[in-house]
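For reference, positions follow the sequence shown, starting with 1. The model shown is predicted, which means the values in this text are computed figures rather than measured ones.
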Amino acid sequence: MTTQDSSSRRQVEEAVAAAVAGVPGVAYLRPGLTGLLRARTARLVHGTAGPEPVSGVRVRLGADRRTWQVEVKLTTLTGHRAVDVTRAVRTAATAAAGALLGVPEARVAVSVTVTGVL
């Protein structure tokens, strides 16, 4: 992966995170353990403070090299049905990623995991 690819992926992750944060019923995005450990290890081993991972969003090109896979992990607010929140998040994330990547929304696959209710 080139620096350009990494930068582009981060931009998509940030755009998706911003879109998802505006969805009613989303309490916060949940950071993944892998991303937190990777950032911490880079700081310890290389002495660099690279960019923090985008909490709760991971973007990668699918195995078919045509479809973008977006994973979103979040916590919902009490009083909001998780199914309604996940549907709205999927719609917002698909639109944000598709617009930034310049691909049809049919080539963006979004999975949403609710990790808790606050």
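- Between L118 and T78, the closest side-chain pair of non-hydrogen atoms is not below 4.5 Å.
- For the pair V12/L101, a side-chain contact is recorded, criterion being any heavy-atom separation below 4.5 Å from C-beta on.
- Between V89 and V26 the shortest side-chain heavy-atom distance falls below 4.5 Å.
- Using a 4.5 Å heavy-atom threshold, the side chains of R87 and V83 count as touching.
- The shortest heavy-atom contact between A15 and A96 is O-CB, 3.9 Å.
- Distance alone, capped at 3.5 Å, is enough to place a donor-acceptor pair between the E13 side chain and the V59 backbone.
- Within the structure, salt bridge (charged side-chain N to carboxylate O under 4.0 Å, His left out) contacts touching residues 98-115 (residues at least two apart or in different chains) do not occur.
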Run the side-chain contact (heavy atoms from CB on, under 4.5 Å) test on L29 and V20 for me, step by step, so that the C-alpha distance in whole Å, both residues' side-chain angles and the decisive distance to 0.1 Å come before the verdict. CA-CA 8 Å; L29 293 167; V20 168; 3.6 Å; yes
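- L77 and V112 are assigned to two separate hydrophobic clusters, defined by single-linkage of ILVMFWY side chains at heavy-atom distances under 4.5 Å.
- The OG1 atom of T115 lies 6.0 Å from the OH atom of Y28; values are rounded to the nearest 0.5 Å.
- Between E71 and T113, every side-chain heavy-atom pair lies at or beyond the 4.5 Å cut-off.
- Under the 4.5 Å side-chain criterion, counting only non-hydrogen atoms from C-beta, R60 is in contact with R58.
- Remark: R66 engages no residue in a salt bridge (Lys or Arg N to Asp or Glu O under 4.0 Å) (not counting sequence neighbours).
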Should V108 and V70 be marked as a side-chain contact (heavy atoms from CB on, under 4.5 Å) after you check the CA-CA gap, both sets of side-chain angles, and the distance that decides it? CA-CA 7 Å; V108 178; V70 179; 4.0 Å; yes
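- Note: R30 CZ to L74 CG = 10.5 Å, rounded to the nearest 0.5 Å.
- Pairing each heavy atom of V85 with each of P24, the nearest pair is CG2-O, 3.9 Å.
- A search for salt bridge (Lys or Arg N to Asp or Glu O under 4.0 Å) contacts involving E14 returns R10, not counting sequence neighbours.
- Between T75 and V117 the shortest side-chain heavy-atom distance does not fall below 4.5 Å.
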